[in-house]
Amino acid sequence: MSDAFFMQQALSLAAQAALLGEVPVAALVVHKGKIIASASNAPISAHDPTAHAEILALRAAASLMGNYRLDECELYVTLEPCAMCSGAMLHARLKRVVFGAPEPKTGAAGSVLNLFTQPQLNHQTALLGGVLADQSVALMQNFFRQRRSEKRLLALVNHPLREDALRTPDSAFENLPDYPWLPHYISDMPSLAGLRMHYLDEGPKHRDDSALTYLCLHGNPAWSYLYRKMLPTWLAAGQRIVAPDLIGFGKSDKPKKDSHHSFSQQRQSLIELVERLDLTNVVLVVQGWGGMLGLTLPMAAPERYRGLLVMNTYLACGDQPLPAGLLAWRDMCRKNSNFDVAELFARAEPLMSGAERMAYAAAFPDRGHRAALRAFPALVPSSLYSDGATVSRQAREFWREQWTGQVLMAIGEQDPVFGTSVMAQLRQDLRGCDQPMLLPYAGHFVPEDGEPLAHAALKFFQPPRQ
């Protein structure tokens, strides 16, 4: 019998192991041309880290032969053996070892190291690799491809919570005023690394060149609840609305450590969400931190965007002092990191009901859920070398020189953080931005007074012609 014949038998056994959820590796022990033992990987099913196919096959052969030394035996295995298995093969005094595919991460027969060529050892076992290697590689690749697919599907269904994160209970969001929309979740984007991101996705989902998609990005300490007064107007007009909760906010998962949060990670998750949902004809709707992040998005995929609705926000490029109102906000957060979210909204929006204020606060039930609220004030790029500063400067040049879409600016004149002077400066950087819409009674959270603005946006941003 040839080496290829025995390796083919091992590959068939490895394929059966894959069906049981084990990594598809199998081994045979051959004595004078006859298979005397065979085994496939079983660490998972046996709860045994030593239950590699080679170890199990060696045990079975030694039991059959009545001797732990297998001098006249050859071992065939579909994958290059690890250090543990290679050591066992040398102890067994095997005549020869034949393997299929190399294992670049843990292989101890030439890939990482070669235990079979150590002159200090008192036994030398002949070695041959690469027999039916392509078939073994294909078997492994198919197995891990399928497992990744299953993990993605499981994540979409169950979204398991990471140990280093918290999740606000669903009960906290029951019966919120004027927020009837169904949640959508995603956790398998690379930037999320298993964290669950929540987003609203209302209106027509099919690609329709006659409709717009309003991508609504919130600030701190808000979440998608911020846009509840604007969404009905756009939905009634047949438009699609996508409103994500940034990681750390709303119904999205909340990492426990302040240090988890960064400008780049938050931006990347938004870029990936736009790609995953394949959003087109996008009107970017931004306020506060939603603007600091959101204004850097269109340059990453200009073909997806055709409009900008910009409310009180700032493009932090790190090359000029931060606005005085923003510095005051950062100082307040530093001194009082556990500030009352409901009370903050009561001061900022005096006409908001108590139930609405508590709805904002519902997302952050205790200090453990507030890492993003503590981290975000200091994340505003304040120097040329701050995370996010370079990409913000690139975005500024994009808006000045390359943007070809429409821009509608709305200014809440009562905003103490990003007031009229800050917005006037931003307006100079937005190509095509005409006279802003002034809202004399609106404060920082402009969408709270946003129903008239939503109607104005419908008139301003005309859907593309069919």
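Computation of the quantities below employed the complete heavy-atom set of this structure, encompassing side-chain atoms and omitting hydrogens, waters and symmetry-equivalent molecules. Along the sequence shown, the residues carry numbers beginning at 1.
- Between Pro436 and Arg427, the closest side-chain pair of non-hydrogen atoms falls below 4.5 Å.
- Taking the six-membered ring for Trp and the full ring otherwise, the centers of Tyr227 and His218 sit at least 6.0 Å from each other.
- Classification of Lys257 and Asp164 as a salt-bridged pair fails, no side-chain N sitting under 4.0 Å from a carboxylate O.
- Remark: Phe398 CZ to Asp429 CG distance equals 13.5 Å, nearest 0.5 Å.
- In terms of heavy-atom proximity, Leu13 sits nearest to Ala26 at CB-CB, 3.7 Å.
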(message) What verdict does the side-chain hydrogen bond (donor to acceptor under 3.5 Å, both in side chains) test give for Thr168 and Lys254, after you've listed the backbone C-alpha separation in whole Å, the side-chain angles of each residue and the deciding distance to 0.1 Å?
(response) CA-CA 8 Å; Thr168 304; Lys254 300 172 177 65; 3.1 Å; yes

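- In this pair, Trp289 and Phe263 present their aromatic rings tilted. The plane angle is within the 30 to 60° band.
- To the nearest 0.5 Å, the span separating CG on Leu297 from CG on Leu215 amounts to 7.0 Å.
- The backbone N or O of Glu397 lies less than 3.5 Å from no partner atom in the side chain of Gln402, so there is not a single donor-acceptor pair.
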(message) Evaluate Ile247 against Gln266 for side chain to side chain contact (heavy atoms under 4.5 Å, CB included), listing each step before the verdict.
(response) CA-CA 7 Å; Ile247 291 297; Gln266 294 282 357; 3.9 Å; yes

(request) Determine, stepwise, if the pair Met230 / Cys216 fulfils side chain to side chain contact (heavy atoms under 4.5 Å, CB included). (result) CA-CA 10 Å; Met230 304 179 77; Cys216 304; over 6 Å; no

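- Listed for the Asn312 side chain is a donor-acceptor partner under 3.5 Å among the backbone atoms of Phe418.
- To the nearest 0.5 angstrom, Asn142 atom CG is 11.0 Å from Met140 atom CE.
- At least one donor-acceptor pair under 3.5 Å links the side chain of Ser86 to the backbone N or O of Cys82.
- Residue Asn336 qualifies as enclosed at atom CG: its count of foreign heavy atoms under 6.0 Å is above 12.
- Salt bridge annotation for Lys229-Asp449: absent, with no cationic side-chain nitrogen under 4.0 angstrom from a carboxylate oxygen.
- Taking 4.0 Å as the cut-off between side-chain N and carboxylate O, Asp258 and Arg374 count as a salt-bridged pair.
- Residues Asp170 and Lys251 are not paired through a salt bridge, judged by the lack of any N-O separation under 4.0 Å between the basic side chain and the carboxylate.
- The residues Glu349 and Arg357 are annotated as not salt-bridged, no charged nitrogen and carboxylate oxygen being separated by less than 4.0 angstrom.
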(message) Set out, in order, the CA-CA distance, both residues' side-chain angles and the distance that settles side-chain hydrogen bond (donor to acceptor under 3.5 Å, both in side chains) for Gln265 and Ser191, then state yes or no.
(response) CA-CA 7 Å; Gln265 187 276 333; Ser191 62; 4.9 Å; no

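- The backbone N or O of Ser383 sits less than 3.5 Å from a side-chain atom of Ser386, completing a donor-acceptor pair.
- Checked against the 6.0 Å centroid criterion, the rings of His184 and Tyr199 qualify as a close aromatic pair.
- No salt bridge links Glu80 with Lys105; every basic N to acidic carboxylate O contact stays at or beyond 4.0 Å.
- The shortest side-chain heavy-atom distance between Leu246 and Ser252 does not fall under the 4.5 Å cut-off.
- The environment of CG in Asp134 is sparse: at most 12 heavy-atom neighbours from other residues, nucleotides or ligands sit within 6.0 Å.
- Screening Phe364, Phe445, Tyr179 for a ring-ring contact (aromatic ring centres under 6.0 Å, His included) involving Trp223 leaves a single residue, Tyr179.
- Taking CG from Leu270 and CD from Glu275, the interatomic distance works out to 11.5 Å, rounded to the nearest 0.5 Å.
- Between Ser224 and His198, the shortest heavy-atom distance links the atoms OG-CE1, 3.8 Å.
- Closest heavy-atom contact between Ala454 and Thr233: CB-CB, 3.8 Å.
- Ser136 contributes a side-chain N or O that, together with a main-chain N or O of Thr78, makes up a donor-acceptor pair within less than 3.5 Å.
- Residues Leu373 and Phe339 have side chains in contact (heavy-atom distance under 4.5 Å, counting atoms from C-beta outward).
- Pairing each heavy atom of Val310 with each of Met423, the nearest pair is O-CE, 4.3 Å.
- Between Arg370 and Asp366 there is no salt bridge, since none of the side-chain N atoms of the basic residue sits less than 4.0 Å from a carboxylate O of the acidic one.
- Taking 4.5 Å as the limit, some side-chain heavy atom of Asp201 sits within range of a side-chain heavy atom of Arg240.
- Considering all non-hydrogen atoms of both residues, Pro102 and Pro104 come closest at O-CD, 3.6 Å.
- Salt bridge Asp319/Arg396: present, at least one basic N to carboxylate O contact under 4.0 Å.
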(request) Give the intermediate values and the outcome of side-chain hydrogen bond (donor to acceptor under 3.5 Å, both in side chains) for residues Gln287 and Thr313. (result) CA-CA 5 Å; Gln287 177 275 334; Thr313 190; over 6 Å; no

(request) Check step by step if side-chain hydrogen bond (donor to acceptor under 3.5 Å, both in side chains) holds for Arg267 and Thr296. (result) CA-CA 8 Å; Arg267 175 178 185 263; Thr296 71; 2.7 Å; yes

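- Side chain of Ser392 to main chain of Ala316: a donor-acceptor pair is present (N/O by atom type, distance under 3.5 Å, no hydrogens or angles).
- Using a 4.5 Å heavy-atom cutoff, the side chains of Asp48 and Pro43 are not in contact.
- Considering CG of Leu192 and CG of Asp253, their distance stands at 9.0 Å, rounded to 0.5 Å.
- Atom CD of Gln425 is surrounded by more than 12 heavy atoms from other residues, nucleotides or ligands within 6.0 Å.
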(message) I'd like to know whether Tyr214 forms a side chain to side chain contact (heavy atoms under 4.5 Å, CB included) with Leu279, so could you lay out the CA-CA distance, the side-chain angles of the two residues, the decisive distance to 0.1 Å, and finally the verdict.
(response) CA-CA 9 Å; Tyr214 287 83; Leu279 303 185; over 6 Å; no

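- At least one donor-acceptor pair closer than 3.5 Å links the side chain of Gln239 to the backbone N or O of Ala237.
- Scanning both residues, Leu182 and Glu202, for their nearest heavy atoms gives N-OE2, 3.8 Å.
- Judged purely by atom type and a 3.5 angstrom limit, Tyr225 uses its side chain to pair as donor or acceptor with the backbone of Pro177.
- Contact check for Asp178 versus Glu356: side-chain heavy atoms found under the 4.5 Å cut-off.
- Looking at Thr213 and Asn281, their side chains never bring a donor and an acceptor atom within 3.5 Å of each other.
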(request) Would you please test Lys335 and Asp331 for side chain to side chain contact (heavy atoms under 4.5 Å, CB included) and show each step? (result) CA-CA 6 Å; Lys335 294 177 179 178; Asp331 188 55; 3.1 Å; yes

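- In this structure, the ring of Trp329 has its center no less than 6.0 angstrom from the ring center of Phe376.
- Side-chain contact check for Val286 versus Leu293: every heavy-atom pair is 4.5 Å or farther apart.
- For Glu343 and Arg347, the salt-bridge test passes: some basic side-chain N is under 4.0 Å from an acidic carboxylate O.
- Using modelled atom types, no side-chain atom of Trp403 and backbone atom of Arg306 make a donor-acceptor pair closer than 3.5 Å.
- Atoms CG and SG, on Leu408 and Cys433 in that order, are 8.0 Å from each other to the nearest 0.5 Å.
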